[in-house]
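Take a look at the structure set out below.
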Amino acid sequence: MAEQWFKQSDWQPYDFQVNTWDAIGKGYSGLLNAPTGFGKTYAIWFGVLQQYYKKQKPGIHCLWITPLRALSKEIYMATERVSDGLGLSYTIGLRSGDTSLKERTQQKKKMPNGLITTPESVHLLLAAKGYNDTFKNLQFVIIDEWHELMGTKRGVQIELALSRLKAINPELKIWGISATIGNLEEAEEVLLGGYGGKRTMIRTNLKKRIEIETIIPEVIEKYPWGGHLGIKLMEEVLPIIHKSNSTLLFTNTRSQCEIWYQRLLEREPDLAGAMALHHSALSDETRLWVENALHEGILKAVVCTSSLDLGVDFRPVDTVIQIGSPKGVARFMQRAGRSGHQPGAISKIYFLPTHSLEIIEGSALRHAVTHSEIEQRVPYIRSFDVLIQYLVTLAVSDGFRANETYEEVIKTHCFNSVTREEFNWCLLFITDGGSMLEAYDEFHKVVIENGLYVVTSKRVAMRHRLGIGTIVSDAMIQVTYVGGGRIGSIEEWFISRLSPGDSFWFTGKNLELIRIKDMTAYVKRSAGNKGAFPSWQGGRMPLSSQLSSTIRMKLDEYGKKKTDIEISSLSQLFEEQKMRSHLPHNDELLIEKIKTRDGYHVFFYPFEGRNVHEGMASLFAYRISQIKPMTFSIAMNDYGFELLSDQEIPVEEALGNALFDSSNISADIYASVNISEMAKRKFRDIATIAGLVFNGYPGKAVKTRHVQANSQLFFGVFTDFDPNNLLLQQAYDEVMTFQMEQVRMMQALQRMETQHVIIKDLEKFSPFCFPILTERFREKFTNEKFEDRVKKMLEQLDRA
DNA sequence: GACCTGCTGCGGTTTG
């Protein structure tokens, strides 16, 4: 079958494709690791089709799960093309949030043989009565982009769905498709779970060639020590855009995206119409238009955020520019791969540093990419919120029996350590609302009828189906033209700072606010050229540990041997650092001290990413204050952190007193950081996923602050009266794992214990500490004042 | 010498 297809289409299959057909034919489950653009879809698809034709049965034969609706559509088209091209009667269907009601009803009557879908839609199918019947002939489940899903709660959803499907058909074959990550073996284990059966991993040595070029400022002495926009290098970007057919410019934040777009357009008005913007706050219509235009090759440049990381391939794109640190090797490679999307083509990516020291990352990235040193994805474990949601899902449809479901659930990687007591707690939680909420009918969602856990209330069932999924997002204000036409969405708090008549930049347009009504901001185009750039409160990505350690290694190379152009271009900065302070080697830990009229500053440079630095700064502040009572203010970036106090900080004494001790950090962290405040924030998502708070009906989202208030209420009640509540525990665990990055902090402390500590008393700020200083002022002061402060700081610097 | 910060993903229409 495959041979026939390849004869028709006139290309030769790769080894990995043949191996995959083979393995599927021999009844294996497995993980396929291959780069994009080499035909992974066909590698799996022919294997699946071949099996179908041996033993045709009605209904869904194969479930193909992808993380993106857009990707589902692409797979749908590719698989249908094959099936049509070979004249097969294998029917293929698509099911996701934007599948029409009509199509769904048709599917209900007669399911296609291959269903392309998303993790959420699979759970919705499990929430439908008679799903057992729907899946009774299911033979294959394919998880596409498993590396994307694994480290998320959506990955947990997949694990749970598989545990159920595997119980319906123990012969079910599971195949994952994954890009290269640091823990592929684990990825396979997590996906295939604790089931028997033959399994294999198929890898290929085919590699996408990536060429990295750092854009180095011509006069490096004039490049700022701090900052994050990188606009200063715009002049270097224009020729790159011009000489390429089509360029993607990746920025780290949505507002940075808007600013770059605007500045490019001001500088080069001819780009109007040939350049576009793409990020998640833009309306779907706008985004779709941009994606299509990219496809057709009518755009010269698109400024975007991660929103274009994944998904549909844009063959006309031949150049990618990464503005600012990509924060991780995998993300950088992913973005590089958006260009040269044909087998054998080279992906060209430029790295544009936003401040001097960041130039070093260009060199670190090249090293990591060449040596395939890619981050791991850490799978979630014991996500009770997802488990609770899943149990209610099963209760909404055909109901479940406790023993059976417990046995199924503990076969997953996520829940294999869950005890029967803990599982019983979850059962109690969905039937009685747990020990605390017993009195409230609202939380008696599930009832037990003859040993079967079921939802009998229609209202409960419907509200549950509405809430299926693990992605929790804030309610946003919609932005719409007065005359109609959706533009996108902006955070409530940003728009609330504006008054009618004020203008702001959005979608690359200058907009004037007319009025706000019902969570919608009505605007019109403004002739003006002034206005604020919106800021959204998104996630904060810390530098990955992979990239951090490569940066430390590259720093160490300076002056030792012939090294990359990035490192040598930094010689002036490094010499300045040496002169004012010290340039640390790999076995050294630099601590800088300086006294200004703001107080006593101490800087540490572990290069471990801002999350670890935040935790470590609080930890050190706490430990030092045990020696001598004092208060600190804290600032950090991805490279280091600062402690500032109005009294002299006894660093030397603290060092002699096990400042870096890693043996007892949990207790010290609990004492030093306001963990409960952080847990409260995490708990909001957990409460939503577990179905404790209702996010509202579609189009009528409950205001963010209401969700916040409700979840805080539960958090308070549980803390006071039910401290063993598993969801509460989970919130704390998530803080320690993801916010504090506890494991990484331990490793960093252990490393620091072995390093040679070098303490320098500075007379003037060093190139290392300057960017951290500016971070701190930002937290305390508004932008205008920020500039004043920097000016004052400079005056002081000059006098020093 | 020295500007602005903070990603993405899915789901889907009742009742007070």
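Everything numeric here is computed off the predicted structure, so don't read it as measured data. Per chain, numbering begins at 1; letters A, B, ... match sequence-line order.
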Checklist entry - Taking CD1 from A/I689 and P from B/dG11, how many angstroms apart are they, rounded to a whole number? => result 16 Å
Next on the checklist: Rounded to whole Å, how long is the line connecting atom CD of A/E266 with atom C1' of B/dC4?
Outcome noted: 14 Å
Checklist entry - Pick the nucleotide of DNA chain B nearest each of A/S535 and A/G467; which residue has the one closer to the 5' end? => result A/S535
Checklist entry - Touch check for A/I471, heavy atoms < 4.0 angstrom, all strands: base, sugar-phosphate only, or nothing? => result base
Next on the checklist: Check this one for me: any side-chain N or O of A/S121 less than 4.0 Å away from OP1 or OP2 of B/dG11?
Outcome noted: yes
Checklist entry - Whole Å only: how far is the CE atom of A/M541 from the P atom of B/dG9? => result 13 Å
Checklist entry - Going through the distances and angles, do A/I471 and A/E120 end up as a side chain to side chain contact (heavy atoms under 4.5 Å, CB included)? => result CA-CA 10 Å; A/I471 300 168; A/E120 288 78 8; 4.1 Å; yes
Checklist entry - Contact class for A/G226 (heavy atom, under 4.0 Å): base, sugar-phosphate, or nothing? => result nothing
Checklist entry - With sequence neighbours excluded, what pairs up with A/E145 under the salt bridge (charged side-chain N to carboxylate O under 4.0 Å, His left out) test? => result none
Item to check | Pairing residues for A/R263 by the side chain to side chain contact (heavy atoms under 4.5 Å, CB included) criterion, not counting sequence neighbours | outcome: A/I231, A/M234, A/I259, A/E266
Checklist outcome for this item: Its glycosidic angle compared against 90° from 0, B/dT13 adopts the form syn
Item to check | By ring pair (Phe, Tyr, Trp, His ring centres under 6.0 Å) - contacts of A/F574 (at least two apart) | outcome: A/Y558
Checklist entry - Is the phosphate of B/dC10, meaning OP1 or OP2, less than 4.0 Å from a side-chain N or O of A/R95? => result no
Next on the checklist: Can you measure A/L125 atom CG to B/dG12 atom C1' for me and round it to whole angstrom units?
Outcome noted: 14 Å
Checklist entry - Would you say B/dC4 has OP1 or OP2 under 4.0 Å from some side-chain N or O of A/H228? => result yes
Checklist entry - Rounded to the nearest Å, what distance is computed from the CD atom of residue A/E576 to the P atom of nucleotide B/dA2? => result 13 Å
Checklist entry - Within the pair A/T774 and B/dA2, is there a side-chain N or O less than 4.0 Å away from OP1 or OP2? => result no
Checklist outcome for this item: Those residues at least two apart in sequence (or on a different chain) that pass side chain to side chain contact (heavy atoms under 4.5 Å, CB included) with A/K509 are A/Y481, A/T507, A/L511, A/R525
Checklist entry - With respect to the phosphate group of B/dC4, does any side-chain polar atom (N or O) of A/R263 fall under 4.0 Å of OP1 or OP2? => result no
Checklist entry - Is there a side-chain polar atom (N or O) of A/T118 under 4.0 Å from OP1 or OP2 of B/dG9? => result no
Checklist entry - Is the gap between the ring centers of A/F603 and A/F765 under 6.0 Å? => result no
Item to check | Donor on one side chain, acceptor on other, A/E592 and A/S581, under 3.5 Å | outcome: yes
Next on the checklist: Tell me every residue that passes side chain to side chain contact (heavy atoms under 4.5 Å, CB included) with A/T520, counting only those two or more places apart in sequence or in another chain.
Outcome noted: A/Q478, A/T480, A/Y522
Checklist entry - Under 3.5 Å, is there a donor-acceptor pair between the A/S545 and A/S548 side chains? => result no
Under-3.5 Å N/O pairs linking protein and nucleotides 13-16 of chain B:
unit_1 : atom_1 : unit_2 : atom_2 : d
B/dT14 : O2     : A/Y697 : OH     : 2.6

Next on the checklist: Please classify the nucleic acid contact of A/L124 as base, sugar-phosphate, or nothing, using heavy-atom distances under 4.0 Å.
Outcome noted: sugar-phosphate
Checklist outcome for this item: Numerically ordered, the residues 253-261 of chain A set in heavy-atom contact under 4.0 Å with DNA chain B is A/T253, A/R254, A/S255
Item to check | Length of the CG-C1' vector between A/D309 and B/dG6, whole Å | outcome: 15 Å
Item to check | Out of B/dC10, B/dG6, B/dC3, whichever nucleotide has its closest atom nearest the side chain of A/K232 | outcome: B/dC3
Checklist entry - How is A/H279 classified with respect to the nucleic acid when contacts are heavy atoms under 4.0 Å: base, sugar-phosphate, or nothing? => result sugar-phosphate
Item to check | Candidate nucleotides B/dG6, B/dT8, B/dA2, ranked by approach to the side chain of A/T305 - the nearest | outcome: B/dT8
Item to check | Whole-Å distance separating the NE2 atom of A/H464 from the P atom of B/dC10 | outcome: 19 Å
Checklist entry - What nucleotide among B/dG6, B/dT8, B/dC10 has an atom nearest to a side-chain atom of A/S280? => result B/dT8
Checklist entry - So what does A/S356 touch, heavy atoms closer than 4.0 Å: a base, only the sugar-phosphate, or nothing? => result nothing
Next on the checklist: Need one value for A/S473: base, sugar-phosphate or nothing, where a base atom within 4.0 Å counts as base even if backbone is also close, heavy atoms only.
Outcome noted: base
Next on the checklist: Does A/G469 reach a base, just sugar-phosphate, or nothing at all? Heavy atoms under 4.0 Å.
Outcome noted: nothing
Item to check | Pairing residues for A/T305 by the side chain to side chain contact (heavy atoms under 4.5 Å, CB included) criterion, not counting sequence neighbours | outcome: A/T251, A/R254, A/C257, A/H279, A/S307
Item to check | Non-neighbouring partners of A/Y639 that pass ring pair (Phe, Tyr, Trp, His ring centres under 6.0 Å), sequence neighbours left out | outcome: A/F607
Item to check | Residue met sooner reading DNA chain B from 5', once A/S307 and A/R465 are mapped to nucleotides | outcome: A/S307
Next on the checklist: In whole Å, I'd like the distance from the CD1 atom of A/I323 to the P atom of B/dC4.
Outcome noted: 15 Å
